[in-house]
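What follows is a set of notes on a single structure, which appears directly below.
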Number of protein chains: 2
Amino acid sequence: MSGSKHSNKTIEIGESLKRKGLSVTDSRKKIMQLFMQQKGALSHSDIEKKAGTAFDRVTIYRTLQTFLDKGIIHAIPSADASVRYALCNDDCAPGHHEHQHIHFFCRQCHQTFCLDDIVTPSIGLPRGYQPQEVDVLVKGVCKNCTTAKKS
Amino acid sequence: MSGSKHSNKTIEIGESLKRKGLSVTDSRKKIMQLFMQQKGALSHSDIEKKAGTAFDRVTIYRTLQTFLDKGIIHAIPSADASVRYALCNDDCAPGHHEHQHIHFFCRQCHQTFCLDDIVTPSIGLPRGYQPQEVDVLVKGVCKNCTTAKKS
DNA sequence: TGGATTTTTGCAACTTTGTTGCTTTTTTAA
DNA sequence: TTAAAAAAGCAACAAAGTTGCAAAAATCCA
């Protein structure tokens, strides 16, 4: 075990924030870290719970908006009025997200995952409709929960 | 023009509510009518605006929930924290929706449409993931707005 | 048809979620 | 180190959604 376990990660995170043209602050580092150590997507209230009382609610809203604007995270549609966010692994530029992957919502653990390897299909539309972006949300049971059931 | 223009429709709506096992009330008739005369999907606040002060906000929430439960309407996912609803044209039973169509969100008029003829594609998932439902949301410019631009 | 029973509505109060303006604090860059 | 710029915190508010309960309406059946 190294004595500089966390400072290593912190430096990485700080660097990656700078590279995106953002100033490095405690809340941004913390929220970025939460996304990185999280397998699934996070909602605003997830972050609020995980971050404890460390930050003001408003700061979290503003940080999420900033991350969205800079192409660091993307919003995942849902039908239950709670928007979730996840890190962009693709090449997202400020103001323009470029995602081809699909999202999976697990009805058992209620987590949302980006399936980065599954490419969104092309959809044939009726005459007159001009597509710009395709979001696919699959609901079912995720890998973890399927495995857990068996054992 | 017939003198019984609306009573005709009202009877139809009442009948269809009864067929679903629901008692017929003013708010249910009105909200059902709004969905029927609407091309796109409706959010809670859309309904609130269209219905004016006729009904309590809570009644609208409860009516939407009832319609969802009975398979009369379905919820459409979105990434902007406002859930929209549309009539089910498919064979939806209480407690079980069966939709194969995709949804189209127009970035110009901000309406959401069900494209009933476009079937959701089958998605190949990684080993372990069990799909139960697929939602496809395409964003772009709809038929109406494309046409309107040209003229 | 009339009245008892069941269901739905309206109201009030409350929780959660999201927004805005302004002041103080922190970060950045010279 | 310090001035300028950016972000955080705070307060106050707006919007969205929920719950319990009493009044009103719809349904059912004699």
Side-chain angles (χ1 to χ4, degrees), chain A residues 10-11 13-34 41-70 72-73 75-85 94 110 112, chain B residues 10-11 13-34 41-70 72-73 75-85 94 110 112:
Chain A
T10 307
I11 288 168
I13 289 176
E15 278 307 309
S16 101
L17 285 171
K18 267 185 194 159
R19 239 175 281 129
K20 290 282 181 178
L22 294 176
S23 42
V24 180
T25 68
D26 287 350
S27 62
R28 285 176 183 171
K29 279 188 288 187
K30 179 66 182 173
I31 291 176
M32 184 75 118
Q33 199 186 54
L34 287 177
L42 293 171
S43 68
H44 176 274
S45 75
D46 290 336
I47 294 170
E48 217 173 324
K49 280 168 207 145
K50 282 175 192 286
T53 54
F55 310 108
D56 195 80
R57 261 161 28 80
V58 178
T59 300
I60 299 176
Y61 281 112
R62 289 197 267 229
T63 303
L64 288 173
Q65 190 55 55
T66 304
F67 282 8
L68 272 180
D69 292 344
K70 292 290 177 178
I72 295 171
I73 58 174
I76 301 173
S78 81
D80 71 340
S82 76
V83 182
R84 270 168 271 262
Y85 306 89
H110 291 100
T112 303
Chain B
T10 308
I11 289 169
I13 290 176
E15 277 307 309
S16 101
L17 285 170
K18 267 185 195 159
R19 239 175 280 130
K20 290 283 182 178
L22 292 176
S23 42
V24 180
T25 67
D26 287 351
S27 63
R28 285 176 184 171
K29 279 189 288 187
K30 179 65 181 174
I31 291 175
M32 184 75 118
Q33 198 185 54
L34 287 177
L42 293 171
S43 68
H44 176 273
S45 75
D46 290 337
I47 294 170
E48 216 173 325
K49 279 168 207 145
K50 282 176 192 285
T53 54
F55 310 107
D56 195 82
R57 260 161 29 80
V58 178
T59 300
I60 298 175
Y61 280 114
R62 290 198 269 228
T63 303
L64 288 173
Q65 190 55 55
T66 304
F67 282 8
L68 272 179
D69 291 345
K70 293 288 177 177
I72 296 172
I73 58 174
I76 302 172
S78 82
D80 70 341
S82 77
V83 183
R84 270 169 272 261
Y85 305 90
H110 292 100
T112 303

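We use all heavy atoms of the structure for the numbers below, so side chains are in, but hydrogens, waters and symmetry mates are not. Just so it is clear: chains get the letters A, B, ... in the order the sequence lines come, proteins before strands, and each one is counted from 1. This one's a predicted model, so the numbers in the text were calculated from it and none came from an experiment.
- Each end of the helix from C/dT1-D/dA30 to C/dA30-D/dT1 gets its own axis from five base pairs, and the two axes differ in direction by 40°, given to 10 degrees.
- In the region residues 17-28 of chain B, proximity to DNA chain C at under 4.0 angstrom, judged on heavy atoms, holds for B/Ser23, B/Thr25, B/Ser27, B/Arg28.
- Two residues are said to be in side-chain contact when any heavy atoms from C-beta on lie closer than 4.5 Å; A/Lys29 and A/Asp26 meet this criterion.
- In this structure, the NZ atom of B/Lys29 is 15 Å from the C1' atom of C/dT9, given to the nearest Å.
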Problem set entry | Criterion side chain to side chain contact (heavy atoms under 4.5 Å, CB included) on B/Phe55 and B/Glu48, from CA distance to verdict | CA-CA 8 Å; B/Phe55 310 107; B/Glu48 216 173 325; over 6 Å; no
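- Annotation: side chain of B/Ile73 is in contact with side chain of B/Leu64 (closest heavy-atom distance under 4.5 Å).
- Residues B/Thr112 and B/Arg84 have side chains that bring a donor and an acceptor to within less than 3.5 angstrom of each other.
- If you check the side chains of B/Asp69 and B/Thr66, you find no donor sitting under 3.5 Å from an acceptor.
- When every heavy atom of B/Ile76 is checked against every heavy atom of B/Ala41, the shortest pair comes out as CD1-CB, 3.7 Å.
- Whole-Å rounding puts the A/Leu64 CG to D/dA8 P distance at 11 Å.
- Using modelled atom types, one side-chain atom of B/Ser43 and one backbone atom of B/Asp46 make a donor-acceptor pair closer than 3.5 Å.
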For this session: Under the side chain to side chain contact (heavy atoms under 4.5 Å, CB included) rule, what do A/Val24 and A/Arg28 come out as? Steps first, then yes or no, please.
Result: CA-CA 7 Å; A/Val24 180; A/Arg28 285 176 183 171; over 6 Å; no
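- A straight line from CZ of A/Arg84 to P of C/dG18 spans 11 Å, rounded to a whole angstrom.
- Within residues 46-62 of chain A, the residues approaching DNA chain C are A/Arg57, A/Val58, A/Tyr61, A/Arg62, by heavy-atom distance under 4.0 Å.
- Side-chain contact between B/Leu42 and B/Lys50: present, with at least one pair of heavy atoms (C-beta onward) separated by less than 4.5 Å.
- Looking at heavy atoms from C-beta onward, B/Met32 lies out of side-chain contact with B/Thr63 at the 4.5 angstrom threshold.
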